[in-house]
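Notes to accompany the following structure.
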Amino acid sequence: SGPGLTSGTASFVVNSPNVSYTDAEIKAQYTYRTTSVDADAHGNLVATPREVLYDFKVDRRVPRVGMMLVGWGGNNGTTVTAGILANRRGLAWETKEGPRAANYYGSVVMGSTMKLGTHAKSNKDVNIPFRNVLPMVHPNDLVIGGWDISKMDLAQAMDRAQVLEPTLKAQVKKEMAAMVPLPSIYYPDFIAANQEDRADNVIEGTRASMAHVDHLRNDIRNFKATNGLDKVIVMWTANTERYADVVPGVNDTADNLLRSIEQGHDEVSPSTVFAVACILEKAPFINGSPQNTFVPGAVQLAEKHGAFIGGDDFKSGQTKMKSALVDFLINAGIKLTSIASYNHLGNNDGKNLSSQRQFRSKEISKSNVVDDMVEANSVLYKEGEHPDHCVVIKYMPAVADNKRALDEYYAEIFLGGHQTISLFNICEDSLLASPLIIDLVILAEMMTRIQWRASGVDGYKNFHSVLSVLSYMLKAPLTPPGTPVVNSLAKQRAALTNIFRACVGLEPESDMTLEHKLL
Ligand code: NAD
C-alpha cells in the first residue's frame, strides 16, 4: 500500500497539500479554470476567467472485472478474446516475417504514454504509461464471456473470422474451444436478412419482452457469481442494426420504453433490450455499433438508475484518421471543401452492411464527424456552410477482414488554389477494433470508481451516466442530453488525460513549456 500508485512499473505519488492517499482512496482538491464569455452593451465580447473548486475521490482498490461481449463469436469478439489470452500467457508465434509476440498496440491505455511533468534536475519531460495515471484494471485480468446468436465455439469462430495467424490460433485453440457464447435475442427485422443462417443460438421470441430483459439480467448475474466478479462491463460488438424509429409514447421516455418492452413493441431493438437489462443490473453498457441503441428513453432510464452507458460505434480506421486530419486542416486555416470516403470489406460486418437499412446506420455515424470543427471556424465557413461529405461502403468477400478505406480530401488554399490529399488505408479491421474494446472496458470501469463534489458541499456524486469521456474510441460520441459533441481526436484525448490528471490533483498538460522558452 503506502502512498504511491501501485499499478505497473512507473508508479508516482503527487506531492501536494491538495492530494491525500489512503489504502482505499486518493482524494484531490482541484481548481477547474475556464473562461466565461459574454457580450457588453456595445456587442463587444468580454472574457472573464472563472474558477470552480472540485473535490475528486478515486477508489484505489482494483476490482475483479468481467467483460461480456454481445456478438462474442464475431470477428471483434474472437480477436479480442484471443488477444487477451495471448497477452495473459505471454505467447510468441512464428510468421513469415519472423517471430511475433503478444502486445497491446492500438490501445491508448496499454500502448500510449502521457507526460507527467518536467524532471526537477534535467528539465526533460518525464512520461509515464497512460495506464499508470490512475489505478486501472489490467486487461490480462479481465474474465471474458458473452452472447451470440451463432452457437459456434470461439475456436471455430476465430477460424471463421480469418484474422489471426494459424501459429497463434494453434496456441489458443484449446482454451477458445471451451468458450461457447450464451444464446442471445434475435429480432430478424433489425439486422440484414443475410445473417439468418448464423442464428442457431437464440432465446425464444422475436420481439422485445420483459422476459428477455430478465433473461439477460440473469445471465449477467450468473456470470458474476460463477466467476467471483465485483463488476461486469457489457459491450455491444454484434451486428449493426437498422435505426429504431423514435416514436413519442414508445421509446421517448424511460417509462414509455419499459412499457413498450412489456407490450412487445416492434420498434425496440435487441441492442436496446441489452442496454435496458444492463442499466437495471447497473452493469456499464457500451455500444460499439452505429445504430441508435440509446433512444431517449434508454438514456433517461440510465440517468434514473445512475447507470453508466457509452457509445456509439468504434472509431477504428477511416473516421479516426478523419477526426485527426480535418482538425489539422481546419486549424491550419485551410478550407476543406469535400471529403469522399469509400470502403470495401469482405467480413461478416461488410456482408451485413450490404443491406441498405444497416448501411444507413453506418452512413449516419460516419457523416457527422466534422461538424464541430467546421462550426468552430467562422473565418473559413459561413453559417450553415459545410464541406461536401460522401460515404460509400461495398461488400467484397475476397478481401475478408482486410478492409480498404480510400479517402479524398479536397481543400481550397491560398488565393484560390487547391490541395488534394488522397489516403489509402488497409488493415485488419478487427485488429484495430479489439484494442478499442479493451480501452472502453478499462476506462468505463475506471469511471465507476471516480466521484466528485463541488468543494465544501456534502456528499460525493458520480460522473453523468453518459460517459462522453470515452469519445476518443467512438465515431459518434454519445454525450449527456443537451451537451455538445466533440469529434476532434486531439481534444478527445486531452479531455481524457486531463480529467484523469485532475483526479489526482494535477494541472492539465498545457504544452506551454515556458521552462524552455523563458530562458
Ligand atoms: P461480425 O459480424 O463478425 O460479428 C458480429 C457478431 O454478432 C456475429 O457473430 C453475429 O452472429 C452476432 N450477433 C448478431 N446479432 C446478435 C444479437 N442480437 N445478439 C448476440 N449476437 C449477435 O462483426 P465485427 O466485425 O465483429 O463487428 C462488430 C460490430 O462492430 C459491427 O456492428 C461493426 O459495424 C462494428 N464496428 C466494427 C469496427 C471494426 O473496426 N472492426 C469499427 C466500428 C464498428
Side-chain angles (χ1 to χ4, degrees), residues 70 185 187 189-191 207-210 212-214 216-217 233-236 238-315 357-358 360-369 371-372 440 444 447 461-471 473-487:
V70 193
I185 52 175
Y187 311 159
D189 187 44
F190 280 91
I191 59 175
R207 39 172 77 195
S209 66
M210 268 305 155
H212 282 175
V213 171
D214 292 341
L216 300 174
R217 291 183 68 177
I233 317 281
V234 180
M235 173 94 44
W236 179 276
N239 286 16
T240 296
E241 297 174 331
R242 70 164 172 86
Y243 256 56
D245 292 338
V246 176
V247 185
V250 173
N251 46 17
D252 55 339
T253 68
D255 289 344
N256 289 342
L257 177 60
L258 290 177
R259 192 171 345 97
S260 297
I261 292 176
E262 257 162 33
Q263 294 172 350
H265 199 287
D266 55 16
E267 268 316 299
V268 183
S269 65
S271 64
T272 300
V273 171
F274 265 97
V276 168
C278 292
I279 289 165
L280 298 178
E281 214 44 46
K282 286 268 197 114
F285 178 79
I286 296 150
N287 174 31
S289 299
Q291 72 279 341
N292 63 342
T293 300
F294 299 115
V295 292
V299 175
Q300 206 184 73
L301 190 72
E303 290 175 321
K304 234 166 133 172
H305 288 266
F308 289 113
I309 56 174
D312 298 311
D313 207 5
F314 302 124
K315 180 159 67 176
R357 291 193 304 172
Q358 284 66 32
R360 181 68 190 134
S361 297
K362 202 54 134 186
E363 189 181 36
I364 295 171
S365 98
K366 276 180 171 278
S367 294
N368 299 327
V369 301
D371 292 358
D372 54 328
L440 287 164
M447 293 305 292
K461 293 196 269 191
N462 288 332
F463 270 68
H464 190 273
S465 282
V466 178
L467 292 173
S468 60
V469 72
L470 306 177
S471 298
M473 288 92 202
L474 297 160
K475 248 195 297 269
L478 189 71
T479 63
T483 65
V485 176
V486 175
N487 287 296

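Nothing fancy with the numbering, it's 1 onward along the sequence.
- Expressed to the nearest 0.5 Å, how far CG of N256 lies from CD of Q300 amounts to 8.5 Å.
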Practice task
Apply side-chain contact (heavy atoms from CB on, under 4.5 Å) to M473 and K315, showing your working.
Solution key: CA-CA 5 Å; M473 288 92 202; K315 180 159 67 176; 5.9 Å; no

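- Looking at every heavy atom in both residues, D245 comes nearest to N251 through O-ND2, 2.9 Å.
- Rounding to the nearest 0.5 angstrom, the gap separating the CG atom in L467 from the CG atom in N462 is 9.5 Å.
- The minimum heavy-atom distance linking I261 with M210 is given by the pair CG2-N, 3.7 Å.
- A salt bridge is absent between R207 and D189: the closest approach of a Lys/Arg side-chain nitrogen to an acidic carboxylate oxygen does not fall below 4.0 angstrom.
- Heavy-atom minimum distance, G297 versus L257: C-CD2, 3.7 Å.
- A donor-acceptor distance shorter than 3.5 angstrom exists from the side chain of N292 to the backbone of A244, with no hydrogens or angles considered.
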Donor-acceptor pairs under 3.5 Å, side chain of residues 302-311 to any protein atom, not counting sequence neighbours: which ones?
unit_1 : atom_1 : unit_2 : atom_2 : d
E303   : OE2    : H464   : NE2    : 2.9
K304   : NZ     : D255   : OD1    : 3.1

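- Between the CG atom in D313 and the OG atom in S361 there is a gap of 9.0 Å [rounded to 0.5 Å].
- L440 is listed as a side-chain neighbour of M235, based on a closest heavy-atom distance under 4.5 Å.
- Contact of the S367 side chain with the I364 side chain is not registered, since no non-hydrogen atoms from C-beta on lie closer than 4.5 Å.
- Under the side-chain hydrogen bond (donor to acceptor under 3.5 Å, both in side chains) criterion, D266 pairs with no residue at all, not counting sequence neighbours.
- Here the closest non-hydrogen pair linking V486 and S471 is O-CB, 4.4 Å.
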Please tabulate, for the side chains in residues 271-280, all donor-acceptor contacts under 3.5 angstrom to protein atoms that are two or more places apart in sequence or on a different chain.
unit_1 : atom_1 : unit_2 : atom_2 : d
S271   : OG     : E241   : OE1    : 2.6
S271   : OG     : S269   : OG     : 3.2
S271   : OG     : T293   : OG1    : 2.7
T272   : OG1    : S269   : OG     : 3.0
T272   : OG1    : T293   : O      : 2.8

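- Contact of the E281 side chain with the R217 side chain is registered, since non-hydrogen atoms from C-beta on lie closer than 4.5 Å.
- Note on ring orientation: taking the six-membered ring where Trp is involved, the planes of F294 and F285 are perpendicular (angle over 60°, cut-offs 30° and 60°).
- Taken from OG1 in T483 to CG in L478, the straight-line distance is 8.5 Å, to the nearest 0.5 Å.
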Practice task
Take L470 and I286 through the test side-chain contact (heavy atoms from CB on, under 4.5 Å) and record every step on the way to the result.
Solution key: CA-CA 10 Å; L470 306 177; I286 296 150; 4.1 Å; yes

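- Using a 4.5 Å heavy-atom cutoff, the side chains of V246 and P296 are in contact.
- Formation of a donor-acceptor pair under 3.5 Å by the D372 side chain with backbone atoms of N487 is found in this model.
- The shortest distance between side-chain heavy atoms of L474 and D312 does not fall below 4.5 Å.
- Inter-residue side-chain proximity for Q358 and Y243 is flagged as unmet; no heavy-atom pair is nearer than 4.5 Å.
- At distances below 3.5 Å, at least one donor-acceptor pair connects side-chain atoms of N287 with backbone N or O atoms of S289.
- Exactly one residue among Q291, R360, R357 makes a side chain to side chain contact (heavy atoms under 4.5 Å, CB included) with T240. That residue is Q291.
- K362 is listed as a side-chain neighbour of K475, based on a closest heavy-atom distance under 4.5 Å.
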